[in-house]
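Letters go in sequence order (proteins before strands), and every chain restarts at 1.
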There are 2 protein chains.
Amino acid sequence: MIININMNEREIFTSFLKRKGLKMTQPRETVLQAFLAHEGHLTTEDILHASRMIDASIGQATVFRTMKLIAEAGLARDACQDDGPRKYEHAYLHSHHDHLHCIGCGKVIEFFDPDIEQAQEAIFKQYGFTAIGHRMELQGLCAECSAQQDKTRTQP
Amino acid sequence: MIININMNEREIFTSFLKRKGLKMTQPRETVLQAFLAHEGHLTTEDILHASRMIDASIGQATVFRTMKLIAEAGLARDACQDDGPRKYEHAYLHSHHDHLHCIGCGKVIEFFDPDIEQAQEAIFKQYGFTAIGHRMELQGLCAECSAQQDKTRTQP
DNA sequence: AATTTAATTGATAATGATTATCAATATCAA
DNA sequence: TTGATATTGATAATCATTATCAATTAAATT
Ligand SMILES: [Mn+2]
Ligand SMILES: [Mn+2]
Ligand SMILES: [Zn+2]
Ligand SMILES: [Zn+2]
């Protein structure tokens, strides 16, 4: 099975299901459309709400189950690794990136640094590992939150 | 309060507690000793077991609470970010490092790469962030697990 | 088209890690 | 020693996720 560049997400998901002996169903269709309709970092609850806009009878368990399949099909991936519920982001035609997270206001900046990626590859090689992936999240204070904190400090 | 290089972990913890208006107690002493007695990546359950070797009456909640304080005092930090229970590692006189994780056998290798650390600093600066920290975990297959997987593939 | 087979669904219970609650107890400054 | 206050362990509660299961639905086969 060759994945054609013109194959859209729905076709990718359908053929993924068929390959695994699973069925394309109405609820799975609904969850997929709900996910595809929103960019960004989405919790399962976000996707449940979006799904129920389309079909109010969708169950929570179905969203958990379907999102796991959508990720396995390569259309979604885990976004952050901080505490709290898992967050999915789009993976189809969305290239790999890491996250810079402001712990003051919660803002998340996506970035890609080829030097870091290359250095990571070098680490894998150095220890004789076959690379599978990595998780990296930088945590800090954005410019605004830094300034605000300075103010608080100088006026106690 | 200047932290003397000769101040041992117990003294650091005691003065941390005093500074926060908290008390050094028998159970906290026990949990600290249990943690200090074991290197590596320890779950709260590991530390509970070790604590109960010293004092069988230690409660689970006390371990959760005390480990949080020990981490806040700078003696412990979170080790991994994979699923499952939180893992603590020693932070006192244990320099920062990242983790290379074999998802085949679970092996964890600790490494430190100044180039990656520097590149991370550059990212913070580029986006105007004040750096606080980062979490990075590389995931792959170690040499043994890679070899084993190749065997399975060529002999179906 | 009807039948058969197996996968799927949503509701609900269960799980696992962590946190909150609370009455009884321990600590420590005065 | 006392007394205010922090702490404890047991237990309940929470939160995200998974497991269970009877009813339903999708596809393969007649
Ligand atoms: Mn992202
Ligand atoms: Mn470590
Ligand atoms: Zn911010
Ligand atoms: Zn391995």
Original post:
Does a distance-only test, which skips hydrogens and angles, find a donor-acceptor pair under 3.5 Å between the side chain of B/Lys23 and the base of D/dT5?
Top reply: yes

**OP:** Count the heavy atoms of every other residue, nucleotide or ligand shown that sit under 6.0 Å from CD of A/Gln118, and state whether that count exceeds 12.
**Re:** no

Original post:
Nearest-Å distance, NZ (A/Lys18) to C1' (C/dA7)?
Top reply: 15 Å

**OP:** Could you check whether the rings of B/His97 and B/His41 sit parallel, tilted or perpendicular, using 30° and 60° as the cut-offs?
**Re:** parallel

Original post:
What's the NZ-P distance between A/Lys20 and C/dT8, to the nearest Å?
Top reply: 10 Å

**OP:** Assess the pair B/His90 and B/Phe35: is the distance between their ring centroids shorter than 6.0 Å?
**Re:** yes

Original post:
Just wondering, more than 12 heavy atoms not from B/Gln26 lying within 6.0 Å of its CD?
Top reply: no

Original post:
Do the side-chain N and O atoms of A/Ser51 and A/Thr30 include a donor-acceptor pair separated by under 3.5 angstrom?
Top reply: no

**OP:** To the nearest 0.5 angstrom, please state how far the OG1 atom of A/Thr62 sits from the CZ atom of A/Arg65.
**Re:** 4.5 Å

Original post:
Looking at the side chain of B/Leu22, which of D/dA26, D/dA6, D/dG9 is the nearest nucleotide?
Top reply: D/dA6

Original post:
Within a radius of less than 6.0 Å around CD of A/Glu45, do more than 12 heavy atoms belonging to other residues, nucleotides or ligands occur?
Top reply: no

**OP:** Using whole Å, report how far CG of A/Leu17 lies from C1' of D/dT25.
**Re:** 15 Å

Original post:
Relative to the 5' end of DNA chain C, which residue comes earlier, A/Leu69 or A/Arg52, by the nucleotide with the nearest heavy atom?
Top reply: A/Leu69

Original post:
Regarding B/Gln139 and B/His101, is there a side-chain donor-to-acceptor distance under 3.5 Å anywhere?
Top reply: no

Original post:
Going by an N to O cut-off under 4.0 Å, is there a salt bridge joining A/Asp83 and B/Arg86?
Top reply: yes

Subject >> Inter-end axis angle, the helix from C/dA1-D/dT30 to C/dA30-D/dT1, with every axis fitted to five base pairs (rounded, 10 degrees) >> reply: 30°

Original post:
Which residues, if any, of residues 24-34 of chain B bring a heavy atom under 4.0 Å of DNA chain D?
Top reply: B/Thr25, B/Pro27, B/Arg28

**OP:** Please report, rounded to the nearest Å, how far the P atom of C/dA17 is from the CG atom of B/Asp78.
**Re:** 15 Å

Original post:
Are A/Lys87 and A/Asp78 ion-paired here, with the side-chain N under 4.0 Å from a carboxylate O?
Top reply: no

Original post:
B/His134 and B/His96: aromatic ring centres closer than 6.0 Å?
Top reply: yes

**OP:** If a protein heavy atom is under 4.0 Å from the base, mark B; if only from the sugar-phosphate, S; if neither, -; do that for nucleotides 11-24 of chain D going 5' to 3'.
**Re:** -----SBB-B----

